[in-house]
Amino acid sequence: MSDYNNNYSRRRFLTQSSLGLLAVAGMPGLLNAMEGMSAMPKMTPNKANPNFKPDVELELFCKSSSIPILVGNPTKVLQYTARLLQGPKETLVELPGSYLGPIIRLQKGQKVRIHLHNGLPEATVTHWHGLHVPANMDGHPMYAIDPGQVLVYEFEVLNRAGMNIYHPHPHETTATQVYHGLAGAILINDEEQAALELPAGAYEIPVVIQDRLFDTENQLIYSRGMHDRMTGFYGDRILVNGLADFAVDVESRAYRLRVLNGSNARIYKLAWDDGTPLTVIGVDGGLLEKPETKPYVMLAPGERLDVWADFSGRNEGSQLVMRSLSFSGVLPKMGRMMHTGSLPVGSDFPIFTARVTKKVSDSPKLPSTLSKINWHKLTDTANPNNPRPIGISEGHMAIVLNGRPYAYNDAQDIERIPVNTIQLMEIFHAHGGGHNNQAAQPNNGDKGGEHSGMGGMGMGMRHGGMGGGMGMGGGGMGGMGMMMSMAHPIHLHGQQFQIVSRSIDAGKTEDYATVREGFIESGLKDTVLVMPGESVRIIKPFQDFKGLFMFHCHNLEHEDMGMMRDFSVE
Ligand code: C2O
Ligand code: CU
Ligand code: CU
């Protein structure tokens, strides 16, 4: 082949790869697998059901807007705004000066109707991250509405108390819509939590952490270049509740911080700057049974943290800074090198400051018991000896789950789940894309060998080999090395799950040591950070509702690139 041809085909390959899907479609063995997939259907937007009697009814608007964030020009953003039509007036709580949508406060048991108005110039749909709702109310991309359309959601709040999220979920444009501002928090309360009389009102502070990149005119920069898609998109400005340099004045007493990582890709290692341990009272799925203290907590995109922050005994004029401490290993070495931002992933930086401005003598006490969690036992699962795989394939210029990029109506056997069952699942790094289909079958008998087939593959690739069917015509471009292994926050829609165990490859322990104290397994989760070389076993119920429930990486660039699948609950 002449040089000209060589370059030409390489360039063409790169162009095609940037479509993500094509890169994987080019893998031998995947062509057949992908024949069954079909395009995202377009549904007629759901209308209000006259027989549904809502306790809370609100209109939620998505629109472009402009808001001052930095000194100087205001920033163009996309924003959720809301209007309460009926229900308790404390249902909607605005965050002053923020592009974030209002906090939606709900009670367990309430019936909720939401009219979503699409005022964007493109399709959107809203997902209630963490809520257990019917499949057709979950904001699956198939329900996306066009500009000017209205989509009606109706559901009952089945969740226990906890912090959840609402954010867009349209096909392949979730990351950009969230990045430009579309997101908000849902705080659910229930009797169990109310009885604790935790700090509330001015003593309960939402802390939504995001990173953004601004140009010199204060406008948001977002890129969908190949590199940004592979590593995720990072900003160099930390915003809390949509505000830069966030600081909050506190009294010398206990507060409750409702922390949410609303970043597209950035993972934080949260800690107090003076070494005070973090007192954690809850995670994604609500309160823990009892408080836990941690030197630091890892918080990946989509994860939540409920923190008891006690400023008692601190002097007026003193301050406490929440920082992200340094850690390593979440990006591959090459990705780290290529990461050009001035706030490198895993570096040490401040997030916000709490300034003690008032000395008070009284403070609520931290309850020693917080809640009762209904833990499922291994024997409650349908498959105690045979976990369902969620294999992370970090292939050449594409990262997928269970060997295949997202496609509508493409459930493999391992992704079909009988309704009203509880499933043992294992999330692990499968490496490479092409061989997962066979290897990911749960029934290959040898214990712990669900991914033995991929193990072999992984080894070869770890040593830089691109042998066999994995060549894909792009040999020597370094992409494989770049994508060898990174951390992925894996999110499952529907009911919260419990974490059974984590295990780490012997070769990865050095980086892992910088994060391992930061995981919390004593609460219910819907998103779990899976580090390179790590396998995580979870127990997850699939109760009440049939239909498609997504699972995906909550690094939103990964999600949009196709690192997402549906479970078909049937
Ligand atoms: Cu927060 Cu499917 O997402
Ligand atoms: Cu979700
Ligand atoms: Cu990912």
Checking side-chain polar atoms at under 3.5 Å, does [X] have a donor or acceptor matched by the opposite partner on [Y]?
{"X": "Asn164", "Y": "Arg304", "answer": "yes"}
{"X": "Thr75", "Y": "Arg212", "answer": "no"}
{"X": "Tyr80", "Y": "Thr126", "answer": "yes"}
{"X": "Tyr406", "Y": "Asp566", "answer": "yes"}
{"X": "His376", "Y": "Gln498", "answer": "no"}

**Request:** Begin with the C-alpha distance, continue with both residues' side-chain angles, and end with the deciding distance and a verdict on side-chain hydrogen bond (donor to acceptor under 3.5 Å, both in side chains) for Ser328 and Asp511.
**Result:** CA-CA 5 Å; Ser328 58; Asp511 285 329; 2.7 Å; yes

Can you check whether [Y]'s main-chain N or O pairs, donor with acceptor, with [X]'s side chain at less than 3.5 Å?
{"X": "Arg502", "Y": "Glu534", "result": "no"}
{"X": "Lys63", "Y": "Gln79", "result": "no"}
{"X": "Tyr296", "Y": "Glu517", "result": "yes"}
{"X": "Asn46", "Y": "Val152", "result": "yes"}
{"X": "Asp249", "Y": "Thr357", "result": "no"}
{"X": "Asn218", "Y": "Val71", "result": "yes"}
{"X": "Lys269", "Y": "Ser326", "result": "yes"}
{"X": "Ser363", "Y": "Ala254", "result": "yes"}
{"X": "Asn264", "Y": "Phe233", "result": "no"}
{"X": "Ser347", "Y": "Pro344", "result": "yes"}

**Request:** Could you walk me through whether His129 and Tyr166 pass side-chain contact (heavy atoms from CB on, under 4.5 Å), step by step?
**Result:** CA-CA 6 Å; His129 176 134; Tyr166 61 102; over 6 Å; no

**Request:** Determine, using ring centers only, whether His167 and His127 are less than 6.0 Å apart.
**Result:**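 Under 6.0 Å, so yes.
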
**Item:** Within the 6.0 Å centroid threshold, strictly below: His552 and His493
**Value:**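 Yes.
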
**Prompt:** Does Asp211 reach the side chain of Tyr234, with side-chain heavy atoms less than 4.5 Å apart?
**Reply:**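 Touching, per the 4.5 Å side-chain cut-off.
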
Flag if over 12 foreign heavy atoms under 6.0 Å of [atom1], [X]:
{"X": "Glu90", "atom1": "CD", "value": "yes"}
{"X": "Asp215", "atom1": "CG", "value": "yes"}
{"X": "Arg516", "atom1": "CZ", "value": "no"}
{"X": "Lys76", "atom1": "NZ", "value": "no"}

Look up atom [atom1] in [X] and atom [atom2] in [Y], then write down how far apart they are to the nearest 0.5 Å.
{"X": "Ser312", "Y": "Arg314", "atom1": "OG", "atom2": "CZ", "result": "9.5 Å"}
{"X": "Leu366", "Y": "Asp310", "atom1": "CG", "atom2": "CG", "result": "8.0 Å"}
{"X": "Cys553", "Y": "Ile399", "atom1": "SG", "atom2": "CD1", "result": "7.0 Å"}
{"X": "Leu288", "Y": "Glu521", "atom1": "CG", "atom2": "CD", "result": "11.5 Å"}
{"X": "Tyr153", "Y": "Trp128", "atom1": "OH", "atom2": "CH2", "result": "5.5 Å"}
{"X": "Leu320", "Y": "Phe352", "atom1": "CG", "atom2": "CZ", "result": "8.0 Å"}

**Asked** In a check of side chain to side chain contact (heavy atoms under 4.5 Å, CB included) between Val112 and each of Ile186, Ile104, Val157, which one passes?
**Response**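 Of all the options given, the one that passes is Val157.
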
Contact summary for [X] and [Y], nearest pair of heavy atoms:
{"X": "Arg160", "Y": "Glu192", "answer": "NH2-OE1, 3.7 Å"}
{"X": "Gly97", "Y": "Leu243", "answer": "O-CD2, 3.5 Å"}
{"X": "Leu287", "Y": "Ile373", "answer": "O-CD1, 3.7 Å"}
{"X": "Leu299", "Y": "Leu305", "answer": "CD1-CB, 4.0 Å"}
{"X": "Gly242", "Y": "Ile69", "answer": "O-CG2, 3.9 Å"}
{"X": "Ala271", "Y": "Leu325", "answer": "CB-CD1, 3.5 Å"}

**Item:** Test salt bridge (charged side-chain N to carboxylate O under 4.0 Å, His left out) applied to Glu557 and Arg229, step by step
**Value:** CA-CA 5 Å; Glu557 283 71 33; Arg229 291 157 62 106; over 6 Å; no

**Prompt:** Just one of His169, His491, His488 clears the ring-ring contact (aromatic ring centres under 6.0 Å, His included) bar with His554, so which one?
**Reply:**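 For His554, the ring-ring contact (aromatic ring centres under 6.0 Å, His included) test succeeds with only one of His169, His491, His488, which is His491.
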
**Asked** Hey, mind stepping through Lys111 and Asp55 against salt bridge (charged side-chain N to carboxylate O under 4.0 Å, His left out) and telling me if it holds?
**Response** CA-CA 5 Å; Lys111 290 206 166 82; Asp55 305 299; 6.0 Å; no

**Request:** Give the C-alpha distance, both sets of side-chain angles, the deciding distance and a yes or no for side-chain hydrogen bond (donor to acceptor under 3.5 Å, both in side chains) between Ser263 and Tyr268.
**Result:** CA-CA 10 Å; Ser263 310; Tyr268 302 93; 2.8 Å; yes

**Item:** His132/Gln543 under side-chain hydrogen bond (donor to acceptor under 3.5 Å, both in side chains): CA gap, chis, key distance, verdict
**Value:** CA-CA 9 Å; His132 177 40; Gln543 287 153 339; 5.8 Å; no

**Request:** Start with the C-alpha distance between Val93 and Leu187, add both sets of side-chain angles, then the distance that settles side-chain contact (heavy atoms from CB on, under 4.5 Å), and finish with yes or no.
**Result:** CA-CA 10 Å; Val93 185; Leu187 291 178; over 6 Å; no

**Message:** Applying salt bridge (charged side-chain N to carboxylate O under 4.0 Å, His left out) to Asp274 and Arg323, what does each step give before you reach the verdict?
**Reply:** CA-CA 10 Å; Asp274 71 346; Arg323 299 188 70 85; over 6 Å; no

**Message:** Please evaluate residues Phe551 and Lys540 with respect to the criterion side-chain contact (heavy atoms from CB on, under 4.5 Å), reporting the C-alpha separation (whole Å), side-chain torsions for both, the decisive distance (0.1 Å), and the verdict.
**Reply:** CA-CA 12 Å; Phe551 61 104; Lys540 156 129 172 122; over 6 Å; no

**Request:** I would like to know whether Asn241 and Ser98 meet side-chain hydrogen bond (donor to acceptor under 3.5 Å, both in side chains); could you show each step before the answer?
**Result:** CA-CA 6 Å; Asn241 300 341; Ser98 179; over 6 Å; no

**Message:** Parallel, tilted or perpendicular, judged at 30° and 60°: which one describes the rings of Tyr222 and His180?
**Reply:**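 Geometry flag for His180 against Tyr222: perpendicular rings.
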
**Message:** Applying side-chain contact (heavy atoms from CB on, under 4.5 Å) to Leu78 and Cys62, what does each step give before you reach the verdict?
**Reply:** CA-CA 7 Å; Leu78 304 178; Cys62 307; over 6 Å; no

**Request:** Take Asp306 and Arg258 through the salt bridge (charged side-chain N to carboxylate O under 4.0 Å, His left out) test and state the conclusion after the steps.
**Result:** CA-CA 5 Å; Asp306 207 338; Arg258 313 298 301 267; 3.6 Å; yes

